[in-house]
A.B. asks: 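I'd like to ask some things about the structure below.
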Amino acid sequence: MSAETHSDPSKNWLIAFMVAFMCTVFAIGVWALLNHHVDATEAPAAAGHH
């Protein structure tokens, strides 16, 4: 009695989502590293105060 192997398509979607999510997080990290200026002469303007 050989049973058919069960394939779950949601596993493929989960893997695809995680790959896309990790690529997005990696891209944000690279962007932040390239755009962070430690020796900036002027401080960024404070926002959100009334």
Side-chain angles (χ1 to χ4, degrees):
M1 293 216 268
S2 61
E4 230 180 86
T5 58
H6 175 71
S7 64
D8 190 6
S10 64
K11 182 180 177 184
N12 294 338
W13 282 107
L14 183 62
I15 291 171
F17 172 77
M18 290 304 294
V19 169
F21 178 74
M22 291 308 222
C23 287
T24 303
V25 170
F26 180 74
I28 291 172
V30 169
W31 180 84
L33 284 174
L34 295 176
N35 289 304
H36 180 69
H37 303 291
V38 177
D39 299 325
T41 55
E42 58 182 61
H49 299 292
H50 294 287

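Heavy atoms only: backbone and side chains are in, while hydrogens, waters and symmetry mates are out. Please read all numbers here as calculations on a predicted model, not as lab measurements.
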A.B. asks: Return the set of residues passing side chain to side chain contact (heavy atoms under 4.5 Å, CB included) with Val25 (not counting sequence neighbours), or none when no residue passes.
C.D. replies: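 In terms of side chain to side chain contact (heavy atoms under 4.5 Å, CB included), with neighbours along the sequence ignored, Val25 is linked to Phe21.
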A.B. asks: Would you list the atom pairs, donor with acceptor, under 3.5 Å between side chains in residues 8-17 and any protein atom, with sequence neighbours excluded?
C.D. replies:
from, atom 1, to, atom 2, distance (Å)
Asp8, OD1, Ser10, N, 3.4
Asp8, OD1, Ser10, OG, 3.0
Asp8, OD2, Ser10, OG, 3.0

A.B. asks: Identify each donor-acceptor pair in which a side-chain atom of residues 26-36 lies under 3.5 Å from a protein atom, sequence neighbours left out, and give them as a table.
C.D. replies:
from, atom 1, to, atom 2, distance (Å)
Asn35, ND2, Trp31, O, 2.9

